[in-house]
Amino acid sequence: MATNDKIYYGTELKLNINIEPIGGLSMADYRWEIDVYCNPNNKVTITSEDAINRINAYMVDRDNYILKVDTEKIGVGMVKCKVVAELPDENFSDNYRTEVNVISTGIEIVKA
């Protein structure tokens with residue numbers, strides 16, 4: 001979707017999430033969790049495990065995933081995605097380094 005697209009509340013939205021490799025690791029190489037929301041109190045959470053099991057997400061290629069989101073679950077407003085990536089890194093006690101980023105999609109959900 002182009003920047004500043006408006007869609008109507010109730011639409012079932014498909015979001016293509018593309019993350020360029022981080023330190024040579026593609027999205028397929030690490031655990032990730034993505035919260036999709038307009039208001040953080042109403043969010044849909046989709047994980048890399050969900051994508052593996054094709055529950056509300058699926059892989060396009062190693063750096064691209066499609067997330068399926070029912071807008072009735074996230075409400076109205078500007079759609080954002082909070083991405084939490086757990087990158088393998090033996091320099092941390094749990095062997096993972098956490099990276100957090102928030103993406104503005106440019107999509108606005110409005111009431112019909």
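Note that the structure is predicted; figures quoted are calculated from it, not measured.
At least one side-chain heavy atom of V110 sits under 4.5 Å from a side-chain heavy atom of Y8. Using a 4.5 Å cut-off on side-chain heavy atoms (C-beta onward), I107 and L13 make contact. Taking 4.5 Å as the limit, every side-chain heavy atom of P88 sits out of range of all side-chain heavy atoms of N95. Proximity of I103 to V83: side-chain heavy atoms (C-beta onward) are separated by under 4.5 Å at one or more points. Within the 4.5 Å cutoff, no side-chain heavy atoms of C81 are placed close to those of D35. Using a 4.5 Å heavy-atom cutoff, the side chains of E86 and Y30 are not in contact.
Side-chain atoms of S48 come within 3.5 Å of backbone atoms of W32 as a donor-acceptor pair (strictly under, hydrogens ignored). A donor-acceptor pair is defined here as one N or O able to donate and one able to accept, closer than 3.5 Å; such a pair exists between the side chain of D89 and the backbone of N91. Listed for the T47 side chain is a donor-acceptor partner under 3.5 Å among the backbone atoms of D50. Checking side-chain atoms of S26 against main-chain N and O of A28 turns up no donor-acceptor pair under 3.5 Å.
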Worked verdict on N56 versus V44 for side-chain contact (heavy atoms from CB on, under 4.5 Å): CA-CA 10 Å; N56 294 324; V44 170; 5.6 Å; no
Derivation and outcome, side-chain contact (heavy atoms from CB on, under 4.5 Å), residues Y96 and E90: CA-CA 7 Å; Y96 290 94; E90 61 189 34; over 6 Å; no
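In this structure, the separation between CD1 on I19 and CG on L25 is 12.0 Å, given to the nearest 0.5 Å.
Other residues, nucleotides and ligands place no more than 12 heavy atoms under 6.0 Å from the NZ atom of K82.
No single ILVMFWY cluster, assembled from side-chain heavy atoms under 4.5 Å apart, contains both V60 and Y65.
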Side-chain donor-acceptor distances from residues 66-74 under 3.5 Å, at least two apart:
{"unit_1": "D70", "atom_1": "OD1", "unit_2": "E72", "atom_2": "N", "d": "3.0"}
{"unit_1": "T71", "atom_1": "OG1", "unit_2": "G10", "atom_2": "N", "d": "2.7"}
{"unit_1": "T71", "atom_1": "OG1", "unit_2": "T11", "atom_2": "N", "d": "3.0"}
{"unit_1": "T71", "atom_1": "OG1", "unit_2": "T11", "atom_2": "O", "d": "2.9"}

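Side-chain atoms of D61 and N64 include a donor-acceptor pair closer than 3.5 Å.
Electrostatic pairing of E99 and R97 counts as a salt bridge here, judged by a charged N lying under 4.0 Å from a carboxylate O.
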